[in-house]
Amino acid sequence: MLRARASTLVIVLAVASCAAPVHQADPGTNATKAAAANRSGLDVAPAVAAAGAIWPPRMPAAGNFEEVPLGKWADYEETYLDAATIRERVALVAREADAITLETTTETRPGDRTVFATMFAGATSAGWHVTGNIFQVGDDEPMESPAIGPAQQPYPRVDPSKLIGTEMVSVRAGLFRAKHYRYRTPYGERVDYWVDESVAPIGLIKLEAEQKQHSGFRGGFKFELVGMGSGAIPQVTKPARPFDARIIARQGLPWTRNARVGPQPPAKVVQ
């Protein structure tokens, strides 16, 4: 059972297969959010549900996956609400005909690792779409993730209509000539991000987002490219067991940036 603590950030994941598919919450009252949490099928303490949820932005992708060399990776440092920082590696580790696999490895602290392998297919006019998600926590057996809808697909393509311009952007990984995009969430939060398609596999250089969903938190979200390279190999190598909500309830939920279970839909950060 997940319990709220006054001084601790708790990550709550709405797991789709426990009940109905998970959708990103619309702005609403605490009561509405509490009801949504209850519908997820998880035993979430009322105090946590009533506190509301904070949904981080999805990490966008630029360029075409079919053009990314196999083994390319990018490392990011991500800050949440000025209270939590994680490291995350996004790597293209497999390619078969018109399908690719991206692995997202998240470390909340040294040794505390979760890997999500997301399979994409369909390099068509409609773009890439998710065909499967597998996650592995530490050395546990891999497990299939619940199905997700198009609106929760990880690494959505950049929206050309949101282009602001081209700028020189300095991050820890270097200096880049990047395209600057901006949009607003349903909560009215401004999200700015910068991409350079030459930075494989997803092109993201930096993301900065406001947080207006919960008045108890002042900070927003910041993602920054800190390294990149080649030679990545699959980390999830064993067959995945079918998703089992009972195991999740017993062992707890993996935490990562956006959906998790599976890189999308977003995780909900509550106090």
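Small disclaimer: the values here were computed from a predicted structure and weren't measured.
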Legend entry - Cationic N near anionic O, under 4.0 Å, E208 to K206: yes
Inset, instruction - Would you please test E88 and M59 for side chain to side chain contact (heavy atoms under 4.5 Å, CB included) and show each step? - result: CA-CA 11 Å; E88 189 160 77; M59 187 178 271; 4.1 Å; yes
Inset, instruction - Following the transitive rule for hydrophobic clusters with a side-chain heavy-atom cut-off under 4.5 Å over Ile, Leu, Val, Met, Phe, Trp and Tyr, establish whether L70 and V68 coincide in one cluster. - result: yes
Legend entry - Between E66 and W128, a side-chain donor and acceptor under 3.5 Å: yes
Legend entry - Single hit among W55, Y80, Y193, Y76 for ring-ring contact (aromatic ring centres under 6.0 Å, His included) with F221: Y80
Legend entry - Cluster link W194 to M228, ILVMFWY, side chain under 4.5 Å: yes
Legend entry - Worked check of side chain to side chain contact (heavy atoms under 4.5 Å, CB included) between V171 and F176: CA-CA 8 Å; V171 294; F176 298 87; 3.8 Å; yes
Legend entry - Contact summary for Q136 and P142, nearest pair of heavy atoms: OE1-CG, 3.5 Å
Legend entry - Check: P57 and T185 side chains under 4.5 Å, non-hydrogen atoms: no
Legend entry - Exam field: side chain E107 to backbone R87, donor-acceptor pair closer than 3.5 Å: no
Legend entry - Q153 CD to R58 CZ distance, which is reported to the nearest 0.5 Å: 7.5 Å
Legend entry - Worked verdict on Q235 versus I233 for side chain to side chain contact (heavy atoms under 4.5 Å, CB included): CA-CA 6 Å; Q235 301 299 301; I233 60 175; 4.0 Å; yes
Legend entry - Spatial distance of atom CZ (F120) from atom OG1 (T131) [nearest 0.5 Å]: 8.5 Å
Legend entry - Residue from R177, K179, H180 passing side chain to side chain donor-acceptor pair (under 3.5 Å) with E167: H180
Legend entry - Connected via hydrophobic side-chain network under 4.5 Å: L102 and I134: no
Legend entry - Closest contact, heavy atoms only, W73 versus A91: CB-CB, 3.7 Å
Legend entry - Straight-line distance of R182 CZ to R190 CZ, nearest 0.5 Å: 4.0 Å
Legend entry - NZ/NE/NH1/NH2 to OD/OE distance under 4.0 Å, R172 and E224: yes
Legend entry - Heavy-atom closest pair, residues G220 and Q211: CA-CB, 3.9 Å
Inset, instruction - Consider only side-chain N and O atoms of T118 and Y155, and report whether a donor and an acceptor are under 3.5 Å apart. - result: no
Legend entry - Nearest-0.5 Å distance, CD1 of residue I100 to CZ of residue R95: 7.5 Å
Legend entry - More than 12 heavy atoms of other groups within 6.0 Å of K212 NZ: yes
Legend entry - Donor-acceptor under 3.5 Å (T101 side chain, V93 main chain): no
Inset, instruction - Using side chain to side chain contact (heavy atoms under 4.5 Å, CB included) as the criterion, point out the one residue from I202, L207, L163, L204 that pairs with V195. - result: L204
Inset, instruction - Measure the spacing between CD of E77 and CD1 of I86 and express it to the nearest 0.5 Å. - result: 9.5 Å
Legend entry - E210 and R184 ion-paired at < 4.0 Å: yes
Legend entry - Nearest non-hydrogen partners of F135 and S145, listed with the distance: CD2-OG, 3.2 Å
Inset, instruction - Please check if V191 and L81 belong to a single hydrophobic cluster, counting links between Ile, Leu, Val, Met, Phe, Trp and Tyr side chain heavy atoms closer than 4.5 Å. - result: yes
Legend entry - Shortest non-hydrogen separation from P242 to M143 and the atoms involved: O-CG, 3.7 Å
Inset, instruction - For V226 and E78, run side chain to side chain contact (heavy atoms under 4.5 Å, CB included): C-alpha distance rounded to whole Å, both residues' side-chain angles, the deciding distance at 0.1 Å, then the answer. - result: CA-CA 10 Å; V226 296; E78 304 169 8; over 6 Å; no
Legend entry - Contact check, side chains of R113 and V115, non-hydrogen atoms, under 4.5 Å: yes
